[in-house]
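The structure appears right after this line, and notes come after that.
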Amino acid sequence: MSMDEPVSARLADVALPVPLPRALSYLVPEKLGESVTPGRRVLCTLGSRRVVGVVVGVREGEPPPAAKPLLEVLDGISLPNDLVVFLQRLASYYLAPIGEVVRLALPPADREAERAVEELTLFSNAKGIAPRKVQWVTATDAVETSLKEKASHILAFVRAHGSLPVSRLEEQFGAARATVKKLVERGLLTMSEREAQRDPFFAETIAQDSPPEPTEPQRAAMLAIERALEATVESEKESDKGPDSKRAGSTFLLHGVTGSGKTEVYLRAIATAKKLGKGTIMLVPEIALTPQLVNRFRARFGDEVAVLHSALTARERFDMWKRLSAGEVDVAIGARSALFAPIRNLGLVIVDEEHDSSFKQEEGVRYHARDMSILRAHMHGGVCVLGSATPSLETEQLARSGKAQKLALPDRARAQEMPKVSIVDLRNIGAGPTGDRKLSILLHRAIEETLAKKEQSILFLNRRGFAPSVRCESCGELSSCPQCTVALTFHKKYGRATEADEIGPNGIMRCHWCDYEAKVPPRCPKCSSDRVALEGLGTEKLEATLAEAFPTARIARLDRDVASGKDVEKILARVRSREVDILVGTQMVTKGHDLPHVTLVGVINADAALSIPDFRASERAFQLLVQVAGRAGRGDSPGRVLVQTYNPEHHAIQFAVRHDVHGFIDRELRDRRELMYPPFSRMALARIDSLDEGEAQNAAAELAKAAREVARTGELGSLDVLGPAVAPIAKVRNRFRFRVMLRSASRERLRLGALAMHGAIARLPRTVRVAIDVDPVGLL
DNA sequence: AGCACGCCGACT
DNA sequence: GTCGGCGTGCTC
């Protein structure tokens, strides 16, 4: 040791709730000593303020000149070590401020609220808010004799559910109290009082179920995952170097069509993980987090499942967090943010419907929960299972490059045939008797036939009336931006377009990205027809048209306007109990669970999804079409799907139609990518052009150059935008600030990205934050 | 994100 | 003369 060696001190690196690129180092006072560990919450001085931060590291070293001592270590929650490491990796991957990333993982309660919560937990046993009591009914073993129709329906319903709250019966049957009372008197039901559960997912008691016999492909998939899980435990034993040692995990793409039994594979994988003493995180798309799905898990695993959903109060969330980190519960199910669940001994991360866009956080810290799931699982040497019927290009690419193993469930589990998909070319097929072009003669007839067979139809339509596009109804030509290859949207010169809007003399078309403007041409530039019309309007009208055309049919509508939250389930329940003949709806009809009597699916306008101004539009359109199609024919009939379109030859539609029994796209990814995405540099230009002319020119040049560089490296899985590409980060004195973040397959950060990494970003006159995520796990 | 510091306009 | 505008930069 030399004499001039600087003084060494005990330092804690603290992530603070401010957008600083890195953690700040504080001196650890002697008296706090051992209690300062990674994950702990600490109180510290920041400028003239006092803030609560999270320790991400403790070390001996030379203190920075300005180092201040930590003030206090806070009791209560502490992030598990592995989670802290994960958060640091995430922050570095997305170039996001560590403090904001750490905040994602903390239970949502500020310090005061948290104190209050803890006090409540401590003192509420004796006195607190008494839980509300509700009446429950349970069926007895008694055998009924001659019951009225309603009574026997109610009794059957109760028997089917085991026991349930009376309010549930009222929901189902209307005024049910009197009938219930009679049934109780006759000894067929018993009544009991239970504490009200605020949590909608725990409203019913669930009978335990046992796993059904798997199909052959299911068995193979289960076995592969099981082996991988066992391997993680093996390697753990061997290396035994603690959580920091780099153990490779495995990633699976579970590619299964709708109804092929992916959930059963998940259930089995979770059971295996449990058996091996490993915990599981399962991510599902926001809308898929329904009581039905959750009940299926609870039926298998009982209450040892933490459901992290948006309806939880801060208190409930906090309790759940505690139970998870204490290891009392080893399975967490939730939307995107469940990625940060403090599961002990994590061994398995499942992402259901992995292609779903809700896994990508678009605000604040922009992260992709699917990509980070792989990272999180791998950091534990664990297993990540990505399930989808229509995998994202990113995931396909992982499978093709051998970074993920593909497990295929090619058939529907219950020996049902795949539906027959056919295209209705709207350029040639005219309107049906209603005269409405949205209801072609072929679709009209198909609905008639389905009604005659007393089966159900779903009519799917994309609702995007707020920004309609302009299409020629004769040749199908869509007006799109000459530079950006995205659909132009129609605007009335003043105000927005509405249902009643006609194109009129004031109609203009505008590009969402570059603000290119043009007047709506009176005649189609391609075929000179005068049938130029607005697309994406008239959705409400469709319901009315249908009601007129099929006066005896019972029609229901399902979209965000009509149904919010619980109503969705109600409407679907009505469909399930065959109270509805025709269901008209948006995306929402795609999700949720079985509708067994639907044999016809009509896609009113497949092109609406294609004309969304987003470079991913055609990939989404494809996924959407496959998903809607999956709703058809789950009974004894295979079902049929009619896809109305002006673009029958469009690759997204072709792919969807040919998405046959095996559900595979028999094309090289390269072809698919080239077909589905606009060329790279054009994309980059289009996005940046919308910022500001001069600035954008320079930035566009930079990004285009970088994009070409990425393209040159090959291995092009995807291109993603993880930052405010359209909206700049800040506008300072009329100058836009944006930030570029680029990644290539070879893990190198490209020029601007590197600058951002080294903190030079502040000095760049412009920074576009665009992530080109060629390989989502390139960092592994 | 806050917060202080700093250098230019209308006010008790 | 100074109160205050927010633009700029720093926070261990």
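Every chain is numbered from 1 and lettered A, B, ... according to where its sequence line falls, protein lines coming before strand lines.
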Exercise for the section: To the nearest Å, give me how far apart CG (A/L43) and C1' (C/dC12) are. Expected result: 15 Å
Completion exercise
residues 327-350 of chain A vs ring-ring contact (aromatic ring centres under 6.0 Å, His included), sequence neighbours excluded, gives A/F340-A/Y367
Practice task
Could you pull out all residues at least two apart from A/R10 that satisfy salt bridge (Lys or Arg N to Asp or Glu O under 4.0 Å)?
Solution key: A/E60
Problem - Sequence neighbours excluded - side chain to side chain donor-acceptor pair (under 3.5 Å) pairs with any residue from residues 337-351 of chain A - result: A/K278-A/N345
Handout entry: Distance, rounded to the nearest Å, where A/L46 contributes CG and C/dT11 contributes P
Key = 9 Å
Problem - Sugar-phosphate, base or nothing in reach of A/S25, heavy atoms under 4.0 Å - result: base
Exercise for the section: For residues 30-76 of chain A, pull every pair meeting ring-ring contact (aromatic ring centres under 6.0 Å, His included), keeping only residues two or more places apart or in separate chains. Expected result: none
Handout entry: Between P of C/dT11 and OH of A/Y26, the distance in whole Å
Key = 11 Å
Using residues 18-30 of chain A as the side-chain source, report each donor-acceptor pair under 3.5 Å to any protein atom, sequence neighbours left out, with the distance given to one decimal.
residue, atom, partner, partner atom, Å
A/S25, OG, A/D13, OD1, 2.7
A/S25, OG, A/R59, NH2, 2.9
A/Y26, OH, A/T45, O, 2.6

Practice task
Could you tell me the separation between the CG atom of A/L71 and the C1' atom of C/dC12, rounded to a whole number of Å?
Solution key: 12 Å
Problem - Axial cation check for A/F86 ring with A/R376, 6.0 Å and 45° limits - result: yes
Exercise for the section: Would you mind classifying the nucleic acid contact of A/L11 as base, sugar-phosphate or nothing, using non-hydrogen atoms under 4.0 angstrom? Expected result: nothing
Exercise for the section: Using whole Å, report how far CG of A/L16 lies from C1' of C/dC10. Expected result: 13 Å
Problem - Nucleotide interval of DNA chain B bounded by contacts with chain A (heavy-atom cut-off, under 4.0 Å) - result: B/dA1 to B/dC3
Problem - Nearest-angstrom distance from the residue atom CZ of A/R22 to P of C/dT11 - result: 10 Å
